[in-house]
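One structure below.
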Amino acid sequence: MDIFLQQVLNGLVLGSVYALVALGYTMVYGILGLINFAHGEVVMIGAMVALTVMNALLGAAVGLPPSLVLALATATAIAVCMALAFSIERVAYRPLRRAPRLAPLITAIGMSILLQNLAMMIWGRQYRTFPSVIPVTPHSIGGASITDVQIVIIVVSAAIMAGLLLLVQYTRLGRAMRATAENPTVAGLMGVNINRIISATFVIGAALAAVAGVLVAANYSIAHYSMGFMLGLKAFTAAVLGGIGNLAGAMLGGLLLGLIESIGAGYISDVSGGFFGSHYQDVFAFLVLVLVLVFRPTGIMGERVAERA
Amino acid sequence: MDRGYRDSVWRLGATAAAMLMAVLLAACGQQEDQAATGGDTASSLERVVKIGHAGPLTGPIAHLGKDNENGVRLAIDEANAGGTVIGGEKIKFEMISEDDEGKESKSTVVAQIIVDAKVAGVIGHLNSGTTIPASKIYHDAGLPQISPSATNVNYTNQGFKTAFRVMANDAQQGKVLGDYAVKNLGAKTIAVIDDRSSYGKGLADEFEAAAKAAGAKIVTREFTDVTKTDFTAILTRIKGMNPNLVFYGGMDSQSGPMMKQIKNLGLKATFLTGDGGQTAQFLTLAGPEGEGAYASSPGVPLDQMPGGQAFTDRYTKTFKQPIQLYAPYAYDSMNTMIAAMKAAGSVDPKVYLPQLAAIQYQGVTGNIAFDEKGDIKGGSISLYKVENGKWKYLETKGGG
């Protein structure tokens with residue numbers, strides 16, 4: 001039982017991060033119908049920037065408390081990622097807004113490769129150690145163990161997601177975003193500044209990505225120039241699973257995917273009598289993607305496709 | 001009118017330039033041909049001999065690939081500075097270093113590039129997964145190949161007379177590790193994880209067989225891959241089986257974070273891994289949680305090598321960074337090849353290959369001699385444990 005509880009906890013930690021990143025995919029898709037494949041790389045840049053700031057602050061030996069160092073690093077990472085996402089949208093996506101759908105998709109993939117290689121040039125090719133400022137002493141909950149970092153991941157993700165839902169539902173910006181998602185042309189006619197709203201969407205998604213990057217790096221104490229690629233793909237899967245374009249769907253999809261992966265990898269071998277092993281962990285994520293696309297293309301909470309087309 | 005005139009002048013110039021280029025290229029090609037066939041050009045000029053090197057220069061284990069490249073570079077620089085004379089000719093070695101990205105698919109492409117560059121021999125590749133497919137291409141081209149670090153048994157089992165290695169293979173290492181886990185560490189139940197690479201799987205298979213033979217029970221076999229940093233799902237499963245020992249066949253990029261997660265999950269088992277984890281990078285990545293991990297490494301530790309200290313000094317002085325892992329072996333591979341060329345009095349692969357097979361060379365890592373398959377004779381395996389954040393040398397097994 002404690003092992004099952006542990007797998008559920010593992011899944012929740014993994015899923016919280018997927019959910020945070022999936023929100024960035026889903027927000028952009030909801031408004032532009034664009035799959036921003038460079039989003040995973042924004043997560044990586046967030047982790048790398050935070051790592052650099054932390055090393056600089058800790059190395060300078062000014063004696064700042066570790067939690068403040070982490071907060072400053074996260075703030076810097078958020079700022080950098082926001083600026084980055086803003087520029088990406090301006091440079092790579094806005095000129096192509098009226099182009100056929102394939103063009104911005106290819107640009108997004110190109111952007112992803114560009115950012116990865118840029119990061120490789122700046123931060124090097126090796127795995128970098130992320131300073132562990134939050135103590136990692138594991139706590140025991142009913143036989144399962146969880147570290148402080150993992151508690152922070154779950155709590156912070158939940159808080160951010162709640163905040164985002166409130167923002168979208170109850171503020172002027174949120175209403176403008178919903179209006180733009182519904183119909184950009186009409187929203188524009190009603191006095192919504194479409195360009196500003198689209199920029200805001202990218203920037204908010206990037207802030208979430210930066211936080212996700214810091215959380216992932218802190219959890220594994222590792223940052224690496226290619227860390228965003230697989231994470232981005234998984235988060236995209238989570239967004240599709242939940243219903244791409246739907247915020248609550250992305251959160252649900254992220255958590256579900258985390259649980260499916262964790263429990264799947266933990267129990268497949270017992271269930272299949274050793275025929276399938278734990279190397280099928282990634283297969284679950286993408287099997288889920290295929291099944292969703294075949295049987296329910298709109299995802300669990302997705303709207304009808306007709307509305308978008 | 002004016003424009004037409006300028007156009008035709010431009011065209012004439014371009015044609016002339018193109019012809020000049022063609023002539024120059026042809027001349028270069030001829031020179032290279034002579035170099036490769038070892039023609040007796042009695043010239044006072046240095047003769048350039050190209051040496052191929054291949055390894056992952058990008059990707060998760062780029063630091064190890066670069067380390068090997070540095071080892072070869074150091075050997076070449078020293079040979080050039082010392083004025084190497086082979087067969088009465090002054091030789092200048094030149095390295096052609098190619099990036100195989102640690103990928104099977106890229107390794108054969110890179111091998112062909114190296115063969116086409118008309119090298120006299122190859123040092124590489126780093127991984128077993130890249131070394132084995134590439135070895136066929138070098139063999140077909142008749143090029144001697146010395147791998148500093150590929151340890152998969154199959155590399156020298158293909159019957160290629162051109163394939164050599166200066167490091168004990170997985171069969172030797174896995175056997176020692178399996179034996180050590182049961183007899184020295186007292187493990188009765190063991191969980192085995194590997195990264196599905198030729199190296200990781202090969203080592204884990206040999207370990208499993210040896211541990212079983214020594215009387216231990218293998219409770220589970222789990223898998224991951226070289227892009228992962230999250231192992232919580234498989235480690236949690238292993239925790240449920242409560243084994244005495246967890247063995248990992250793979251590289252430090254995975255074993256470092258894995259060790260951390262083992263401790264965080266409260267998994268009380270000894271951690272043991274092979275030479276891919278016995279690195280400085282493992283210590284950095286695992287952090288304080290790395291304490292108590294065991295790992296093996298073929299050969300003897302740097303400070304117990306005959307020329308270890310001197311080599312470390314030269315390496316750090318030249319490259320301003322610590323040795324990662326296999327640099328001494330890359331260095332010895334290159335020097336062994338040069339020694340064979342000197343003994344044969346020729347840089348022609350056909351001529352010096354028999355000398356290489358019969359070589360007796362005292363290298364930095366120890367005495368180098370090959371058996372009939374191309375494996376190093378008397379390859380020894382050393383064991384280490386992390387104590388106070390450092391790899392502490394325990395003992396050396398096997399060899400002789």
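Reminder, nothing fancy here: chain letters follow the sequence lines and each chain counts from 1. Computed from a prediction, not measured in an experiment: that's the story for all the values here.
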Contact class of [X] relative to chain B, heavy atoms under 4.5 angstrom:
{"X": "M227(A)", "result": "neither"}
{"X": "I263(A)", "result": "neither"}
{"X": "F229(A)", "result": "neither"}

Going from NZ on K239(B) to OG on S145(A), what distance comes out if it is rounded to the nearest 0.5 angstrom?
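Output value for this atom pair is 4.5 Å.
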Interatomic spacing from CD in Q7(A) to CD1 in I234(B) - rounded to 0.5 Å:
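The distance works out to 10.0 Å.
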Mind ranking S226(A), G266(A), A144(A) by heavy-atom pairs under 4.5 Å with chain B and telling me who comes out on top?
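The candidate making the most pairs under 4.5 Å is G266(A).
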Among T129(A), N10(A), L9(A), V13(A), which has the most heavy-atom pairs under 4.5 Å with chain B?
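It is N10(A).
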Heavy-atom pair with the smallest gap, counting every atom of A233(B) and A265(A)
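In terms of heavy atoms, the two residues are closest at CB-CB, 3.8 Å.
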Considering all heavy atoms of both residues, which atom of T229(B) and which atom of Y127(A) are nearest to each other, and what is their separation?
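That closest heavy-atom pairing would be CG2-CE2, 3.7 Å.
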Check whether D230(B) gets within reach of chain A through its side chain, its backbone, both or neither, counting any heavy atom under 4.5 Å.
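Contact with chain A is through both the backbone and side chain of D230(B).
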Which atoms of K66(B) come close to chain A, meaning under 4.5 Å heavy atom to heavy atom: side chain ones, backbone ones, both, or neither?
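K66(B) touches chain A through side-chain heavy atoms alone.
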Side chain proximity check, K260(B) to Y220(A), heavy atoms < 4.5 angstrom:
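Not touching, per the 4.5 Å side-chain cut-off.
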Would you say NZ of K201(B) has more than 12 non-hydrogen atoms from neighbouring residues, nucleotides or ligands within 6.0 angstrom?
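No.
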K103(B) atom NZ, neighbour heavy-atom count above 12 within 6.0 Å:
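Atom NZ in K103(B) is not crowded, with 12 or fewer foreign heavy atoms closer than 6.0 Å.
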Relative to chain A, which of S253(B), G266(B), A286(B), A62(B) shows the most heavy atom pairs under 4.5 Å?
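It is S253(B).
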Find the one option among P60(B), G256(B), P257(B) whose heavy-atom pairs under 4.5 Å with chain A are most numerous.
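Result: the option with the highest number of such pairs is P60(B).
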Under a plain distance cut-off of 3.5 Å, with no hydrogens placed, do N264(B) and T147(A) share a side-chain donor-acceptor pair?
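Absent: no donor and acceptor within the cut-off.
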Between Q6(A) (side chain only) and L265(B) (backbone N and O only), is there a donor and an acceptor less than 3.5 Å apart?
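Between the backbone of L265(B) and the side chain of Q6(A) there is no qualifying donor-acceptor contact (under 3.5 Å).
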I3(A) and R237(B): CA distance, side-chain angles, deciding distance, side chain to side chain contact (heavy atoms under 4.5 Å, CB included) verdict:
CA-CA 7 Å; I3(A) 293 303; R237(B) 181 176 144 79; 5.9 Å; no
